[in-house]
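Here the structure comes first, spelled out in structure tokens, and everything after it is commentary.
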Amino acid sequence: MNTLPEVTAQTVTSSDCCGWTWSLPLGAMCARRARSVLRETLMALDVPPQTIGDAELMVSELATNAYRHAGHHGPHELWLFPRNGLDRAAADPGACEIVCAVFDALPDLGLLADNSFCGDFGRGLSIVAEISHGRWGAQPARSRLHHEVPGKAVWFACPVPFAALQAIVHQCDDARHLHPA
């Protein structure tokens with residue numbers, strides 16, 4: 001397994017979640033940063049190239065939406081965490097998934113219901129729905145880096161090898177050991 005990239009990430013550990021969170025720029029570089037961080041991290045976790053390419057496209061769509069529709073409603077964050085625990089994933093190889101989410105501080109979920117598009121715009125969530133095979137969604141959330149900031153997280157899940165889940169969980173366990181709650 002490759003070494004995880006040296007990026008500024010906060011390891012999130014709580015009773016219901018473990019994973020990583022990165023700050024994303026509020027400007028036009030939001031999608032580029034999200035793609036880069038996700039690609040480097042998934043490569044380090046030995047995720048297959050096809051899955052990485054699909055994840056890059058999906059995160060690009062979500063980050064572009066955050067920039068376009070919530071550009072001044074920061075912070076914007078990229079979250080990556082296992083969808084299921086190791087026990088479930090070990091028992092069911094189909095349960096080996098990670099969730100990638102883009103958080104923004106615009107809590108309005110109404111934009112997600114607008115399926116209209118004009119020309120080259122408005123197809124992003126349809127692309128995410130198609131590539132993720134319907135494993136995507138949105139929900140009210142709070143920033144992981146700025147805990148008092150409400151907003152929403154738009155997410156998708158993608159399959160990963162069991163070893164990738166193990167690497168995330170082990171790093172979270174190490175963080176819990178170093179910084180007990």
Side-chain angles (χ1 to χ4, degrees), residues 4-42 51-83 97-158 168 171-172 175 179 181:
L4 287 170
E6 292 295 323
V7 294
T8 304
Q10 176 178 331
T11 299
V12 177
T13 58
S14 67
S15 61
D16 61 337
C17 179
C18 75
W20 299 299
T21 299
W22 296 268
S23 181
L24 294 174
L26 294 180
M29 297 300 291
C30 185
R32 179 182 284 181
R33 171 83 171 137
R35 282 191 309 272
S36 172
V37 167
L38 186 62
R39 177 181 52 252
E40 290 177 28
T41 302
L42 295 180
T51 301
I52 293 172
D54 289 347
E56 280 184 279
L57 177 56
M58 290 186 287
V59 80
S60 185
E61 295 297 338
L62 299 186
T64 297
N65 281 352
Y67 163 64
R68 277 213 172 117
H69 301 293
H72 298 293
H73 297 276
H76 292 168
E77 298 169 1
L78 174 64
W79 303 348
L80 189 65
F81 55 94
R83 184 168 190 172
E97 292 183 323
I98 56 168
V99 173
C100 179
V102 173
F103 171 86
D104 66 62
L106 181 62
D108 182 12
L109 294 173
L111 290 172
L112 300 172
D114 182 9
N115 292 325
S116 64
F117 59 88
C118 177
D120 292 332
F121 299 103
R123 297 180 185 164
L125 293 179
S126 296
I127 291 169
V128 172
E130 178 78 21
I131 294 174
S132 72
H133 304 285
R135 296 183 321 266
W136 76 281
Q139 62 193 50
R142 291 200 172 274
S143 165
R144 292 187 174 171
L145 298 176
H146 307 277
H147 300 289
E148 298 304 314
V149 178
K152 69 178 171 300
V154 185
W155 59 271
F156 62 86
C158 60
I168 295 170
Q171 184 160 346
C172 290
H179 307 288

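Since this is a predicted model, take the numbers as computed values, not measurements.
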### Query
After noting the C-alpha distance and the side-chain angles of H146 and F103, does the key distance pass the side-chain contact (heavy atoms from CB on, under 4.5 Å) rule?
CA-CA 11 Å; H146 307 277; F103 171 86; over 6 Å; no

Heavy-atom donor-acceptor pair, [X] side chain to [Y] backbone, under 3.5 Å:
| X | Y | answer |
| --- | --- | --- |
| K152 | D104 | no |
| E61 | I127 | no |
| T64 | S60 | yes |

#### Entry: Stepwise side-chain contact (heavy atoms from CB on, under 4.5 Å) check, F156 with V59
CA-CA 8 Å; F156 62 86; V59 80; 4.1 Å; yes

If you take all heavy atoms of [X] and [Y], which pair is closest and at what distance?
| X | Y | value |
| --- | --- | --- |
| A101 | W155 | CB-CB, 3.7 Å |
| L42 | A55 | CD1-CB, 3.8 Å |
| L78 | A34 | CD2-O, 3.8 Å |
| A63 | A31 | CB-CA, 3.6 Å |
| V149 | G74 | CG1-O, 4.2 Å |
| A157 | S132 | O-CB, 4.1 Å |

If you measure from [atom1] on [X] to [atom2] on [Y], what distance do you get to the nearest 0.5 Å?
| X | Y | atom1 | atom2 | result |
| --- | --- | --- | --- | --- |
| Y67 | H69 | OH | NE2 | 11.5 Å |
| L38 | W22 | CG | CH2 | 7.5 Å |
| R83 | C100 | CZ | SG | 13.0 Å |
| T41 | L80 | OG1 | CG | 6.5 Å |
| L57 | R35 | CG | CZ | 9.5 Å |

Of all residues at least two apart in sequence or in a different chain, which pass the side chain to side chain contact (heavy atoms under 4.5 Å, CB included) check with [X]?
| X | result |
| --- | --- |
| P25 | M29, R33 |
| H133 | R135 |
| L26 | H76 |

### Any side-chain heavy-atom pair of L125 and L62 under 4.5 Å
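A side-chain contact under 4.5 Å exists here.
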
### Query
Any side-chain heavy-atom pair from V102 and N65 closer than 4.5 angstrom?
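No, side chains not in contact.
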
### Task
Verify side-chain contact (heavy atoms from CB on, under 4.5 Å) between W79 and R144, making sure each step is shown before the conclusion.
CA-CA 9 Å; W79 303 348; R144 292 187 174 171; 3.6 Å; yes

